[in-house]
Undergrad: 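This structure is in structure tokens; I'll ask about it shortly.
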Amino acid sequence: MGKDTIADIITSIRNADMNRKGTVRIPSTNITENIVKILLREGFIENVRKHQERDKYFLVLTIRHRRNRKGSSKTIFKTILNLKRISRPGLRIYSNYQRIPRILGGMGIVILSTSRGIMTDREARLERIGGEILCYIW
């Protein structure tokens, strides 16, 4: 784990989804708990439980796997959870509520850090508030 905890969490979830692992263990912080609550509410993960080892807390996520889709050819495409870190410690990306991007025409979500906490793009548009764009999920 490096200094960018959000990128580490996104990478852990993406790797577990690509390798078809059922669970992921990530360190528990206030930011990670809020991001995981959004992922759970939006249906990208199935279950979350808090686990303690010695004096450290971890979140154990159960990832929801999607069905394989058959394309027009005989190749089977597996749909994986796509996560992309946008704002990073070296380059912060901010947006007002009118310029928050729409991912796949509203099918994906954007997670923002606002003055009222971490929220999705839909919630930020409803509250007419902008903030730092943390990541895209589709």
Undergrad: What distance separates Glu132 CD from Ile118 CD1, expressed to the nearest 0.5 Å?
TA: 9.5 Å

Undergrad: Testing Ile9, Leu81, Ile13 for side chain to side chain contact (heavy atoms under 4.5 Å, CB included) with Leu39, which one passes?
TA: Ile13

Undergrad: Hydrophobic clusters here meaning ILVMFWY residues chained together by side-chain heavy-atom distances under 4.5 Å, can you tell me if Val48 and Phe58 are in one?
TA: no

Undergrad: To the nearest 0.5 Å, tell me how far Asn96 CG sits from Arg128 CZ.
TA: 10.5 Å

Undergrad: Quick one: OG on Ser28 to CD on Gln52, what's the gap to the nearest 0.5 Å?
TA: 10.5 Å

Undergrad: For Ile100, is there any backbone N or O sitting under 3.5 Å from a side-chain donor or acceptor partner on Arg125?
TA: yes

Undergrad: What heavy-atom pair brings Ala16 and Ile63 nearest, and what distance separates the two atoms?
TA: CB-CD1, 3.6 Å

Undergrad: For the OG1 atom of Thr23 and the CZ atom of Arg49, what is their distance to the nearest 0.5 Å?
TA: 7.0 Å

Undergrad: Apply side chain to side chain contact (heavy atoms under 4.5 Å, CB included) to Asn15 and list each qualifying residue two or more places apart in sequence or on a separate chain.
TA: Thr11

Undergrad: Can you see which heavy atom on Arg85 is nearest to which on Leu134, and at what distance?
TA: NH1-O, 3.3 Å

Undergrad: As a quick check of understanding, evaluate side-chain contact (heavy atoms from CB on, under 4.5 Å) for Glu123 and Leu126, giving each step before the final call.
TA: CA-CA 5 Å; Glu123 295 167 346; Leu126 285 174; 5.7 Å; no

Undergrad: Using a 6.0 Å cut-off, check whether atom CZ of Arg41 has over 12 heavy atoms from anything other than its own residue.
TA: yes

Undergrad: For a quick test of reading the model, state the closest non-hydrogen atom pair linking Gly106 to Arg102 and the distance between them.
TA: N-CB, 4.2 Å

Undergrad: Check the pair Ile35 / Ile111 against side-chain contact (heavy atoms from CB on, under 4.5 Å), numbers first and verdict last.
TA: CA-CA 8 Å; Ile35 291 173; Ile111 296 180; 4.1 Å; yes

Undergrad: Hey, does Ile137 have a side-chain heavy atom less than 4.5 Å from the side chain of Ile38?
TA: no

Undergrad: Go through it in stages, so that I can follow the logic: the residues are His51 and Leu59, the test is side-chain contact (heavy atoms from CB on, under 4.5 Å), and I'd like the CA-CA distance, side-chain angles, deciding distance and then a yes or no.
TA: CA-CA 6 Å; His51 178 69; Leu59 295 174; over 6 Å; no

Undergrad: Check which hydrophobic residues are tied to Ile129 through side-chain heavy-atom contacts below 4.5 Å, counting indirect links as well, and list them.
TA: Met119

Undergrad: So how far is it from Ile31 CD1 to Ser113 OG, rounded to the nearest 0.5 Å?
TA: 6.5 Å

Undergrad: If you look at every heavy atom in Leu83 and Arg14, which pair is closest and at what distance?
TA: O-NH2, 2.8 Å

Undergrad: Return the CZ to CG distance between Phe44 and Asn82, rounded to the nearest 0.5 Å.
TA: 9.5 Å

Undergrad: Which heavy atom of Ile133 sits nearest to which heavy atom of Val110, and what is that distance?
TA: CG2-CG1, 3.7 Å

Undergrad: In sequence, state the C-alpha distance, the side-chain angles, and the governing distance for Tyr97 and Glu127, and then conclude on side-chain contact (heavy atoms from CB on, under 4.5 Å).
TA: CA-CA 9 Å; Tyr97 77 95; Glu127 294 191 23; over 6 Å; no

Undergrad: Heavy atoms only: give me the nearest Asp121-Gly108 pair and the separation to one decimal.
TA: OD2-O, 4.5 Å

